[in-house]
2 protein chains.
Amino acid sequence: MFRYGVGMARTQGSHSDITGPRIRKAALGLFARHGYAAVSMRQIAGEVGVQAGALYNYTPDKQSLLYRLMQDHMQDLLTAYDDLTRFDDPQDALRQFVGFHIRFHLQRPDEVFIAYMELRNLTPENFAEIETLRRRYEDSLEGILQLGHETGQFAVTDTKIATLAVIAMLNGVITWYRSGGRLSLDEVEQVYWGMVRKAVAA
Amino acid sequence: MFRYGVGMARTQGSHSDITGPRIRKAALGLFARHGYAAVSMRQIAGEVGVQAGALYNYTPDKQSLLYRLMQDHMQDLLTAYDDLTRFDDPQDALRQFVGFHIRFHLQRPDEVFIAYMELRNLTPENFAEIETLRRRYEDSLEGILQLGHETGQFAVTDTKIATLAVIAMLNGVITWYRSGGRLSLDEVEQVYWGMVRKAVAA
DNA sequence: ACCGTATCTGAACATTTGTTCAGATAGAAG
DNA sequence: CTTCTATCTGAACAAATGTTCAGATACGGT
């Protein structure tokens with residue numbers, strides 16, 4: 001027997017305020033684990049418990065879904081960093097940056113992974129947007145190094161390279177850190193701060 | 001008019017010693033630029049000037065092609081490093097490591113990119129193989145830091161973390177360095193060596 | 001109770017995917 | 001020249017891809 005239209009419609013409890021975030025969360029995890037190109041819209045839909053077509057109520061296409069994730073992440077990062085009350089002393093400001101960076105990024109391993117690994121899957125326009133945001137964040141670190149260089153507290157021959165080197169080093173932490181592991185967050189922060197401090201020290 | 005069999009066979013000058021490397025080189029470049037999952041066998045074949053079916057004379061499948069590229073790279077790396085005559089003094093050994101790492105990796109940006117970004121596209125067995133090789137390389141750096149720690153020349157509270165931090169910092173160089181840019185290879189090496197030296201200094 | 005709309009299904013679409021293989025030609029060896 | 005084999009073509013395959021859409025159901029307001 002065929003009951004016409006059974007299950008072919010809006011489902012119980014469905015609401016865009018619920019489904020939207022769930023889709024982005026599922027996409028986030030899958031993109032981080034398998035990579036953007038290796039994940040299909042049907043996989044994402046499956047994780048949400050919905051058909052693939054339903055995703056297009058929440059994103060115009062797959063590419064925009066990726067872009068949205070990156071954009072949200074970068075904006076969260078900038079907002080959180082802007083909310084800090086800064087220190088005037090370069091040394092204090094640098095320590096604050098290191099601590100903030102490590103803690104913020106360790107709380108969002110998937111976002112960080114995607115924002116770094118999937119840049120090449122963005123359209124040129126979307127890529128430019130994300131790069132602008134990233135640049136703004138890196139510039140704030142460079143500003144600290146620059147100031148410390150001028151006051152003679154830091155010995156960095158090239159602040160641009162030093163900035164990238166410090167960030168690369170800090171980002172490395174997310175490749176190995178697992179909460180509940182050998183070291184606590186405080187210990188990790190202290191170890192990295194020790195290395196950064198000495199690396200730029202005069 | 002249909003001439004039976006025109007162009008449907010072995011092509012002039014075709015030789016496995018030529019085509020094999022060309023396939024790997026094309027795959028290397030495409031994987032690095034667009035990512036393993038986003039590159040099709042037909043794209044690779046097209047770059048070589050051959051039909052997709054011909055690739056299967058040189059690799060059992062796409063996955064093995066990726067694995068081969070990573071394996072070759074890691075083995076080149078280990079062989080090149082093993083060929084160095086080592087220094088006894090930890091400071092000298094560390095400087096040698098920094099210089100070697102930067103120069104070796106800057107000469108092979110595509111290989112490095114792939115070896116780092118496409119690990120998740122390997123089968124578990126292939127992944128384990130590559131990880132073993134990578135571990136062997138990292139262990140040699142940790143050995144240097146460990147020795148320097150024992151002699152009191154280095155102040156690294158955690159040699160494991162220090163190893164990963166140093167490598168992450170050095171790897172960062174390939175994300176921005178372009179030959180013919182503002183800095184020469186020697187200058188880049190000096191800048192990074194300065195930061196690494198100070199970062200682990202007692 | 002009714003109506004408008006938000007939300008989802010199920011099916012369909014044109015492409016593209018990795019892979020296989022019979023057959024055809026070129027090169028190497030005798 | 002003949003024979004054997006290495007190398008490639010061209011076509012084919014099933015499966016998977018991103019995306020669209022008519023229609024069906026649930027929700028929210030009146």
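Please read these numbers as outputs of a predicted model, since none were measured by experiment. Every chain is numbered from 1, with letters handed out A, B, ... down the list of sequences.
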- Message: Can you see if the side chain of B:S16 gets near the phosphate of D:dT7 - specifically, an N or O under 4.0 Å from OP1 or OP2?
- Response: yes
- Message: Pick the closest DNA chain D nucleotide for B:A54 and for A:K62 by heavy atoms, then say which residue is nearer the 5' end.
- Response: B:A54
- Message: Please verify the inter-ring angle class for B:Y137 with B:F100; under 30° counts as parallel, over 60° as perpendicular, anything in between as tilted.
- Response: tilted
- Item | B:E118 side chain to B:Y36 backbone, donor-acceptor under 3.5 Å | yes
- Task: To the nearest Å, give me how far apart CG (B:D17) and C1' (D:dT7) are.
- Result: 12 Å
- Message: Suppose the criterion is ring pair (Phe, Tyr, Trp, His ring centres under 6.0 Å): which pairs have a residue in residues 46-72 of chain A, not counting sequence neighbours?
- Response: none
- Query: Tell me the side-chain hydrogen bond (donor to acceptor under 3.5 Å, both in side chains) pairs involving residues 162-176 of chain A, sequence neighbours left out?
  - Reply: A:H101-A:N171, A:W176-A:Y192
- Item | Atom pair distance, as rounded to whole Å: CD in B:Q12 and C1' in D:dT9 | 15 Å
- Look at the side-chain N and O atoms of B:T19 and state whether any lies under 4.0 Å from the OP1 or OP2 oxygen of D:dT7. no
- So, is A:T11 close to the D:dT25 phosphate, meaning a side-chain N or O under 4.0 Å from OP1 or OP2? no
- Which listed nucleotide (C:dT19, C:dT7, D:dT9) is nearest to the side chain of B:D61? C:dT19
- Indicate yes or no for a side-chain donor-acceptor contact from A:Q71 to the backbone of A:N126 under 3.5 Å, with no hydrogens or angles considered. no
- Item | Distance below 4.0 Å between A:H15 side-chain N/O and C:dT7 OP1 or OP2 | yes
- Task: Could you state the atom-to-atom distance from CD1 of A:I18 to P of D:dC27 in whole Å?
- Result: 12 Å
- Message: Can you see if the side chain of A:Y58 gets near the phosphate of C:dT7 - specifically, an N or O under 4.0 Å from OP1 or OP2?
- Response: no
- Protein-nucleotide distance (A:Q51, atom CD; D:dT20, atom P), rounded to Å: 17 Å
- Message: For a quick check, tell me whether the side chain of A:R10 and the base of C:dA6 share a donor-acceptor pair closer than 3.5 Å.
- Response: yes
- Item | Protein-nucleotide distance (B:N57, atom CG; C:dA26, atom P), rounded to Å | 17 Å
- Give, ordered by number, those residues of residues 32-43 of chain A having at least one heavy-atom distance below 4.0 Å to an atom of DNA chain D; if nothing qualifies, reply none. A:V39, A:S40, A:M41, A:R42
- Message: Please report the distance, rounded to the nearest Å, between CG in B:L55 and C1' in D:dG10.
- Response: 14 Å
- Note on the structure: To the nearest angstrom, the CG-P distance between B:N121 and C:dT17 comes to 16 Å
- Note on the structure: Side-chain atoms of A:V50 come closest, of C:dC8, D:dT7, C:dG27, to C:dC8
- Message: Go through it in stages, so that I can follow the logic: the residues are A:E131 and A:R134, the test is salt bridge (charged side-chain N to carboxylate O under 4.0 Å, His left out), and I'd like the CA-CA distance, side-chain angles, deciding distance and then a yes or no.
- Response: CA-CA 5 Å; A:E131 271 301 291; A:R134 178 193 308 273; 3.1 Å; yes
- Item | salt bridge (charged side-chain N to carboxylate O under 4.0 Å, His left out) between A:R95 and A:D92, intermediate numbers included | CA-CA 5 Å; A:R95 184 177 49 208; A:D92 292 335; 3.3 Å; yes
- Task: Would you mind reading off the distance between A:Q63 atom CD and D:dT17 atom P, rounded to a whole angstrom?
- Result: 18 Å
